[in-house]
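Just so we're on the same page: letters track the sequence lines, and every chain starts at 1.
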Number of protein chains: 2
Amino acid sequence: MVEEQDEKILAELQKDGRATNQQLAETVGMSTSACWRRVRALEESGVISGYSALVARERAGFATSAILHVSLERHDTKFVDEFVARVMQRREVLECFATTGDADYHLRVVVRDMDAYNRFLDEFMFRIPGIRHVRTNVILKEIKTGVALPF
Amino acid sequence: MVEEQDEKILAELQKDGRATNQQLAETVGMSTSACWRRVRALEESGVISGYSALVARERAGFATSAILHVSLERHDTKFVDEFVARVMQRREVLECFATTGDADYHLRVVVRDMDAYNRFLDEFMFRIPGIRHVRTNVILKEIKTGVALPF
DNA sequence: TGATATCTGGTAGATTCTACCAAAACGGAG
DNA sequence: CTCCGTTTTGGTAGAATCTACCAGATATCA
């Protein structure tokens with residue numbers, strides 16, 4: 001489905017999401033029209049789900065971030081769906097994964113400062129029904145924040 | 001430093017990193033030239049650190065991902081620097097954060113299948129000097145994988 | 001107020017996009 | 001191997017876009 005030339009394109013567009021079609025065609029070694037059609041196909045098939053500017057968190061004024069381990073009291077769809085729905089619409093939550101292990105969910109949360117994080121917990125997290133336990137691990141240093149899949 | 005109009009631009013470019021300057025200028029309500037100059041300034045000042053195509057992990061053939069909690073034996077710069085250097089160049093490691101709490105580091109790792117993950121542990125992670133403990137939490141479901149800061 | 005620096009919107013040539021075309025490459029069926 | 005239908009390719013041209021400049025407006029501060 002995704003073949004070698006496509007992977008080259010994806011790798012390149014992950015590195016530079018605003019590369020012109022001409023640059024792209026040259027680096028992957030095909031004509032501009034062939035390249036353009038492949039990119040379009042990747043977009044329409046949903047392999048490329050979108051494009052985004054990568055914004056430097058601290059420079060943009062978000063000084064605080066944390067990783068949360070969340071466990072639910074019970075795992076009825078009712079509670080799970082409610083949890084997922086709330087997390088989805090809360091923009092401070094950049095990532096949320098259901099995982100094996102002690103906690104049910106791993107969340108990464110980004111806010112402007114500790115005060116905002118405190119409010120996030122009080123006004124949002126602790127009010128979600130069916131939460132058993134929340135453990136906060138404050139992020140001391142971002143070693144690496146990548147988005148590019150390792151083709 | 002980053003003012004209100006800039007935040008509008010950043011928000012929009014996070015949503016659509018390939019928006020044309022004209023679209024952008026219209027949605028944030030300024031002239032194309034003023035908008036273009038602001039974008040350029042945001043790029044050059046490093047607030048915008050780059051652009052990336054967002055690739056659907058599973059559709060692109062990466063079926064397996066996990067969150068790792070890693071602790072180091074000792075925290076001399078020697079070991080820390082070595083750990084950081086190795087993690088930086090290993091492309092399966094999409095994210096790595098130094099955190100408070102039990103583990104020293106939280107990593108998110110993406111691979112094609114469980115076999116590749118096993119190799120990742122054996123050939124990479126377990127060979128890093130000074131590792132005390134590695135706990136794997138397999139990601140069962142990606143609820144949310146966002147990159148956009150919550151302006 | 002006046003001088004200076006900064007920002008604004010508009011413009012035009014250069015670049016790039018994108019929908020089309022005919023030709024080439026591919027893949028079975030006979 | 002040859003034929004025919006399908007898919008993919010490279011090229012092209014008009015439309016859209018970018019980007020470096022301009023003169024004028026606005027802000028800053030002594």
Side-chain angles (χ1 to χ4, degrees), chain A residues 1-63 112 146-151, chain B residues 1-63 112 146-151:
Chain A
M1 177 138 278
V2 174
E3 44 202 280
E4 195 188 324
Q5 277 182 317
D6 290 323
E7 293 200 348
K8 279 191 195 172
I9 290 176
L10 292 172
E12 189 58 26
L13 281 179
Q14 284 187 144
K15 274 198 291 190
D16 180 6
R18 292 204 73 135
T20 68
N21 187 53
Q22 300 189 349
Q23 292 175 280
L24 197 57
E26 186 166 1
T27 55
V28 305
M30 58 176 108
S31 72
T32 57
S33 39
C35 182
W36 186 77
R37 241 167 299 130
R38 288 193 108 89
V39 171
R40 174 177 243 272
L42 288 167
E43 289 169 357
E44 290 184 347
S45 68
V47 176
I48 295 175
S49 63
Y51 297 87
S52 182
L54 305 178
V55 179
R57 184 177 54 79
E58 295 222 52
R59 282 174 199 260
F62 294 87
R112 294 196 180 268
V147 294
L149 300 176
F151 288 109
Chain B
M1 177 137 277
V2 174
E3 42 202 283
E4 196 190 324
Q5 276 182 318
D6 290 323
E7 293 200 348
K8 278 191 194 173
I9 289 176
L10 292 171
E12 190 58 26
L13 280 178
Q14 284 186 145
K15 275 198 291 190
D16 179 7
R18 291 203 74 136
T20 67
N21 187 51
Q22 301 191 348
Q23 292 175 281
L24 196 58
E26 187 166 2
T27 55
V28 305
M30 57 177 109
S31 73
T32 57
S33 38
C35 183
W36 185 78
R37 240 166 302 129
R38 289 193 106 89
V39 171
R40 176 176 242 273
L42 289 167
E43 289 168 357
E44 290 183 348
S45 69
V47 176
I48 295 176
S49 62
Y51 297 88
S52 181
L54 305 177
V55 179
R57 185 177 55 79
E58 295 223 50
R59 282 175 199 258
F62 294 86
R112 294 195 180 271
V147 293
L149 300 176
F151 288 109

Rounded to the Å, how far apart are B:Y51 OH and D:dC18 C1'?
->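 It is 13 Å, rounded to the nearest whole Å.
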Report the distance from atom CZ of A:R38 to atom C1' of C:dA19, rounded to the nearest whole Å.
->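 Roughly 19 Å, once rounded to whole Å.
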Of all of residues 18-32 of chain B, which get a heavy atom below 4.0 angstrom from DNA chain D, listed by number?
->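 Close to the strand are B:T20, B:N21, B:Q22.
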Roughly how far apart are A:R18 CZ and B:R18 CZ, rounded to 0.5 Å?
->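 CZ of B:R18 is found 7.0 Å from CZ of A:R18.
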Any idea which heavy atoms bring A:T32 and A:A25 closest together, and the distance?
->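 Between these two residues, the closest heavy atoms are CA-CB, 3.7 Å.
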For A:V47 against A:V2, the heavy-atom pair lying closest together =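 So the two residues come closest at CG2-CG2, 4.1 Å.
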Just checking, any donor-acceptor pair under 3.5 angstrom between side chains of A:Y51 and A:E43?
->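 There is such a pair (donor and acceptor under 3.5 Å, judged by atom type) between the side chains of A:Y51 and A:E43.
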Can A:R57 be said to sit on top of A:F62's aromatic six-ring, NZ or CZ under 6.0 Å from centre and within 45° of the ring axis?
->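 Ring-cation test returns no.
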A:E26, CD atom: more than 12 neighbouring heavy atoms under 6.0 Å =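 Atom CD in A:E26 is not crowded, with 12 or fewer foreign heavy atoms closer than 6.0 Å.
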Of the listed nucleotides C:dG9, D:dA20, D:dG10, the one nearest the side chain of B:W36 |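 Nearest to the side chain of B:W36 among the choices is D:dA20.
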Look at the side-chain N and O atoms of A:R40 and state whether any lies under 4.0 Å from the OP1 or OP2 oxygen of C:dA19.
->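 It does, given that an N or O in the side chain of A:R40 lies less than 4.0 Å from OP1 or OP2 of C:dA19.
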